[in-house]
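Structure, as structure tokens:
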2 protein chains.
Amino acid sequence: MRELDETDLEILQLLVADARRPYNEIADAVDLSPPTVSDRIDRLKELGVVRRFTVDLDRSRLSEGVAVLVDLHVEPGRVSEVRSDVEDIDGVEHIFVTADGNVVFHARLRNGAIEPLLSGTLDTDAVREYDVRLLTDSAWHPEPRGVEFALECDECGNTVTSEGESSRIDGELYQFCCSSCQARFEEQYEELKQAA
Amino acid sequence: MRELDETDLEILQLLVADARRPYNEIADAVDLSPPTVSDRIDRLKELGVVRRFTVDLDRSRLSEGVAVLVDLHVEPGRVSEVRSDVEDIDGVEHIFVTADGNVVFHARLRNGAIEPLLSGTLDTDAVREYDVRLLTDSAWHPEPRGVEFALECDECGNTVTSEGESSRIDGELYQFCCSSCQARFEEQYEELKQAA
DNA sequence: AATGAAAGGATTAAGCC
DNA sequence: GGCTTAATCCTTTCATT
């Protein structure tokens, strides 16, 4: 495989600024043909670098309600459960999980009361306490500034360089830092598959 | 003018899920013609509801570095200054301003040390203290679920309904809840312009 | 506000280097 | 991986209701 290169980064920056930009315009900007740009974007999607094309909405112009930043102090061991419950709360825009086990989320709530919302959605035993802070402003800065590429080897976790390898197994694309990691991964995959 | 309606919301949801979806596909879904969909999307952009078409990137696959949530306790009166300084820090993705005058931001830092970064960018007098928390996960949920439409009158701030008015002044689109707010706004705008 | 028809662009597939 | 060509498909403009 080939590592992501400067051209990929350029393409990403152009798409971040306007995801509906025609591919031939991108092609001009990066000195490639439109089909090649299309291929690269397909690969960026496959690699999971591009999660989706989407729209940045100004929610303050859309929805009533108060923007808040909520900090949940979660009981040990129940972080992922709480995190996925928070995903289901209406109006949640961003979720952060801290290394010390808090779940912080940014939401716009139509009825100011957060307490019934939380107790309706979360298992109250899982959250020791919480802080709610009103927000007066929030902004999203999607520019991939200062980005360095770092794809991880799916076998050992090391950085994948241009010497790396990739395989498509059962329709999924995997990447490896070297051929031995690749072989090892494929063996183990095969074993697991046999076992199942 | 016309208030935003259910169809606009449907269009937004379709674009949030895939901003490169062809307009004729959206047209089918909402039972309109492609040109009409195009017109509506143009209007959503003009109204500022749609800020941009963009890409949701998985930065953990892109950049080295540690994701952190930083909480700056800002000296009274210096919030907007600090906020705009934070915008210039490399790797900052989200900024939140709390009602009690803190600036919270989410960033991915390539060199783990945040102290030199802050002292290099911010006036240290403006920030009393700060907390830094490491993040293990973060997600963006752009779905406009549970949204109610609420455009605000640019004169009085009330909700703009279908009885409202709109004007284009010097190329910008403004909306008002009634014709008297519209007239008042236009008068004041004219006065300000004369004065300048 | 919305539409159909049509022109002008953009995307994709196929074959090749 | 990348290119060109060619066919297909999408977007936008315009006249019309």
Side-chain angles (χ1 to χ4, degrees), chain A residues 1-50 52-55 149 151 160-168 171 173-177 179 182, chain B residues 1-12 14-47 49-50 52-55 149 151 160-168 173-176:
Chain A
M1 82 164 259
R2 223 202 47 241
E3 197 185 4
L4 298 189
D5 61 17
E6 280 303 314
T7 305
D8 290 312
L9 180 52
E10 255 185 279
I11 292 173
L12 288 178
Q13 281 168 336
L14 291 166
L15 287 175
V16 162
D18 177 7
R20 278 194 86 92
R21 210 185 285 272
Y23 288 177
N24 61 5
E25 189 185 314
I26 298 175
D28 278 351
V30 302
D31 257 321
L32 288 172
S33 70
T36 307
V37 169
S38 171
D39 287 349
R40 281 187 180 239
I41 293 173
D42 286 347
R43 194 170 51 94
L44 289 167
K45 284 195 239 169
E46 247 170 0
L47 291 174
V49 172
V50 168
R52 81 217 290 198
F53 295 113
T54 189
V55 166
F149 294 110
L151 281 174
V160 175
T161 70
S162 43
E163 285 87 56
E165 307 281 343
S166 76
S167 322
R168 183 178 304 276
L173 197 64
Y174 298 91
Q175 52 245 318
F176 309 98
C177 62
S179 52
Q182 182 181 31
Chain B
M1 79 166 265
R2 222 202 48 241
E3 197 183 4
L4 299 188
D5 61 18
E6 280 304 314
T7 305
D8 290 312
L9 179 52
E10 253 186 280
I11 292 172
L12 288 178
L14 291 165
L15 288 174
V16 161
D18 178 5
R20 279 194 86 92
R21 209 187 285 272
Y23 288 177
N24 61 8
E25 189 184 314
I26 298 175
D28 278 352
V30 302
D31 257 321
L32 289 172
S33 69
T36 307
V37 169
S38 171
D39 288 349
R40 279 184 181 243
I41 293 172
D42 285 347
R43 194 169 52 94
L44 289 166
K45 284 196 237 168
E46 247 170 0
L47 292 173
V49 172
V50 168
R52 78 218 291 196
F53 294 113
T54 191
V55 165
F149 293 110
L151 282 174
V160 175
T161 69
S162 45
E163 284 84 56
E165 307 280 342
S166 75
S167 321
R168 183 178 303 278
L173 197 63
Y174 298 91
Q175 51 245 317
F176 309 98

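Quick caveat: nothing in here was measured; it's all calculated off a predicted structure. The chains referred to below are lettered A, B, ... by the order of the sequence lines, with proteins before strands, and numbering in each begins at 1.
Side-chain atoms of B:Arg43 and B:Asp8, non-hydrogen and from C-beta on, do get closer than 4.5 Å to each other. Side chains of B:Leu32 and B:Arg40 form a contact here, defined as non-hydrogen atoms less than 4.5 Å apart.
Phosphate proximity of C:dT12 to A:Ser38: present, with a side-chain N or O under 4.0 Å from OP1 or OP2. Remark: B:Arg40 is in phosphate contact with C:dA2, judged by side-chain N or O atoms under 4.0 Å from OP1 or OP2. OP1 or OP2 of D:dC3 lies within a sub-4.0 Å distance of a side-chain N or O belonging to A:Thr36.
Computed from coordinates, the A:Asp8 CG to D:dG2 C1' distance equals 13 Å when rounded to whole Å. Separating the OH atom of A:Tyr23 from the C1' atom of D:dG2 is a distance of 17 Å, rounded to the nearest angstrom. Summarising the geometry, the separation between CG on A:Leu32 and C1' on C:dC17 is reported as 16 Å, rounded to the nearest angstrom. Rounded to an integer number of Å, the gap from CG of B:Asp28 to P of D:dC9 is 14 Å. For the pair A:Ile11 CD1 and D:dG1 C1', the computed distance is 12 Å after rounding to whole Å. Summarising the geometry, the separation between CG on A:Asp18 and P on C:dA10 is reported as 13 Å, rounded to the nearest angstrom. Taking atom CZ on A:Arg43 and atom P on D:dG1, their separation rounds to 6 Å, with Å as the unit. Taking atom CZ of A:Arg21 as the reference point, atom C1' of D:dC10 lies 19 Å away to the nearest angstrom.
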Does the pair A:Val50 and A:Ile41 meet the rule for a side-chain contact (heavy atoms from CB on, under 4.5 Å), with working shown? CA-CA 8 Å; A:Val50 168; A:Ile41 293 173; 5.6 Å; no
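Candidate nucleotides D:dG2, C:dA10, C:dA5 were compared by shortest atom distance to the side chain of A:Asn24, and C:dA10 ranks first. Of the listed nucleotides (C:dT11, D:dT4, D:dT12), D:dT12 has the atom at the smallest distance from the side chain of B:Pro34. Comparing C:dT11, D:dT13, D:dC3 by their nearest atom to the side chain of A:Ser33 picks out D:dC3. Among the nucleotides C:dA13, C:dA5, C:dT11, the one closest to any side-chain atom of B:Arg20 is C:dT11. Listed nucleotides C:dT12, C:dA2, C:dA10 differ in distance to A:Pro22; the shortest reach to its side chain belongs to C:dA10.
Summarising the geometry, atom CD belonging to B:Glu10 is positioned 9.0 Å from atom CG belonging to B:Asp31; distances are rounded to the nearest 0.5 Å. Taken from CG in A:Leu15 to CD1 in A:Ile26, the straight-line distance is 4.0 Å, to the nearest 0.5 Å.
Comparing A:Asp31 and B:Asp42 against DNA chain D, the residue whose closest nucleotide sits nearer the 5' end is A:Asp31.
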